[in-house]
2 protein chains.
Amino acid sequence: MAQDGVDLETSVGYLLKEAASALRAEMEAVLRPLGMTVTHYSCLELLAQRPGLSNSELARGAFVTRQSMNVLLQALERDGVVSRPVEGRVGKVLPARLTERGRRSLAQASAAVRSVEVRMLFGMTEEEQSGARRLLRSMIASLREADDGGRQP
Amino acid sequence: MAQDGVDLETSVGYLLKEAASALRAEMEAVLRPLGMTVTHYSCLELLAQRPGLSNSELARGAFVTRQSMNVLLQALERDGVVSRPVEGRVGKVLPARLTERGRRSLAQASAAVRSVEVRMLFGMTEEEQSGARRLLRSMIASLREADDGGRQP
DNA sequence: TGCGCCATGTCAGAAGTCTGACATAGAGTC
DNA sequence: GACTCTATGTCAGACTTCTGACATGGCGCA
């Protein structure tokens with residue numbers, strides 16, 4: 001194949017990208033049989049844990065733009081998985097909720113995704129896992145630090 | 001905004017996604033003024049560290065499909081940043097290299113991206129950084145473990 | 001030699017996401 | 001009240017990436 005002279009794999013940034021990419025690939029693999037994408041699943045999981053989130057809040061939680069989430073929400077609403085009754089409108093904000101069908105759909109997906117996360121953490125002690133959480137939170141905070149706040153997504 | 005009853009932020013998977021997303025956003029922010037996307041930069045950086053990589057190898061290194069990398073490579077070749085001389089062909093494999101212009105283009109981008117990574121790691125000791133590398137490598141290995149190998153990307 | 005098998009390069013179309021833009025609603029200020 | 005500022009929902013178009021497909025080249029094995 002190719003010469004492995006320089007080792008790119010010592011960069012935390014690259015490893016972070018690699019890990020996130022591997023996680024995403026495995027999630028896609030288990031979600032595909034259910035006819036679901038990762039963002040699709042993320043949206044449902046967010047709504048299950050925090051009912052009534054708005055389009056923009058869902059977008060932030062799934063790390064996409066509110067425009068992308070809007071496209072997805074309209075499809076989910078059309079499929080009867082999510083409902084956004086106009087009566088619930090508060091100002092311009094239109095809260096979304098899972099339908100019964102959405103909850104059923106999420107149940108299988110949630111189990112599948114959880115098994116992927118379990119596999120990812122296999123071989124790590126409880127201390128290592130909380131260490132990983134702490135380090136990731138530190139990186140997130142540092143990256144967001146000198147931020148003007150008005151950024152998409 | 002919304003009620004913060006259930007805390008989604010305790011999942012390592014979610015934090016991983018959040019950190020990768022934040023890193024990508026910051027990289028996009030510093031690369032945009034240079035007229036470069038993240039994948040664009042990744043491709044150049046890979047070629048700088050390992051000259052002669054093929055299209056498929058670059059794709060794996062940048063975590064995209066070989067089809068996506070092919071689209072990008074054709075654009076980069078057209079822009080004179082990368083060259084793939086047909087004389088270098090080995091079987092079906094066509095090794096790619098940076099042109100002088102590509103090296104210049106990468107120089108600025110590389111510095112910008114490195115500063116983002118430094119900022120991300122701010123406040124972490126050397127031990128914590130190597131701990132982060134170890135944990136991320138562990139997650140990657142576990143995720144790839146029960147893998148048939150033939151997956152895109 | 002001939003065969004199956006796998007990886008590669010490439011094209012074409014589909015799907016997902018993003019950028020840009022507009023109108024509107026709420027909060028704060030004068 | 002009038003104003004500005006910010007956040008939101010939404011539409012339209014462009015871009016990036018993916019999936020599917022095909023032909024080709026190297027490799028191992030009968």
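Here is how names work: the chains are called A, B, and so on, in the same order as the sequence lines, proteins then strands, and each is numbered from 1. All values reported here derive from a predicted model rather than from experimental measurement.
Considering only side-chain N and O atoms, A:T65 lies nowhere under 4.0 angstrom from the phosphate OP1 or OP2 of C:dT17. An OP1 or OP2 oxygen of D:dT8 is reached within less than 4.0 angstrom by a side-chain nitrogen or oxygen of A:R60. Between C:dG9 and B:S56, a contact under 4.0 Å exists linking OP1 or OP2 to a side-chain N or O. Contact annotation: B:N70 does not reach the phosphate of C:dG9 (side-chain N/O to OP1 or OP2, under 4.0 Å). Contact check, A:R89 against D:dT8: no side-chain N or O comes under 4.0 Å of OP1 or OP2. OP1 or OP2 of C:dT8 has not a single side-chain nitrogen or oxygen of B:Q67 nearer than 4.0 Å. Between B:R84 and C:dT10 there is a side-chain polar atom (N or O) within less than 4.0 angstrom of OP1 or OP2. At D:dC18, one or more side-chain N or O atoms of B:S68 fall inside 4.0 Å of OP1 or OP2 (strictly under the cut-off).
A salt bridge links A:E77 and A:R84; the closest N-O separation between the charged side-chain nitrogens and carboxylate oxygens is under 4.0 Å. Taking the charged nitrogens against the carboxylate oxygens, B:E18 and A:R137 have no contact shorter than 4.0 Å, which rules out a salt bridge.
The distance from atom CG of B:L58 to atom P of C:dT10 is 12 Å, rounded to the nearest whole Å. Going from atom NE2 of B:H40 over to atom C1' of D:dC15 covers 15 Å, rounded to whole Å.
For the residue pair A:E117/B:S11, the side-chain donor-acceptor check at 3.5 Å is satisfied. Between the side chains of A:S54 and A:E57, at least one donor N or O sits under 3.5 Å from an acceptor N or O. Between the side chains of B:T65 and B:S68, at least one donor N or O sits under 3.5 Å from an acceptor N or O.
With D:dG9, C:dG9, C:dT17 as the candidates, the nucleotide lying closest to the side chain of A:S54 is D:dG9. For B:L94, taking side-chain heavy atoms from C-beta onward, the closest of the listed nucleotides C:dT10, D:dT10, D:dT17 is C:dT10. Closest to the side chain of A:V64, from the set C:dC18, C:dT10, C:dA21, is C:dC18. In the set D:dT19, D:dT10, D:dT17, the nucleotide with an atom closest to the side chain of B:T39 is D:dT17.
The residue among B:N55 and A:K92 whose nearest nucleotide of DNA chain C lies closer to the 5′ end is B:N55. When the nearest nucleotides of DNA chain C are assigned to A:V71 and A:G91 by heavy-atom distance, the more 5′-ward of the two goes with A:V71.
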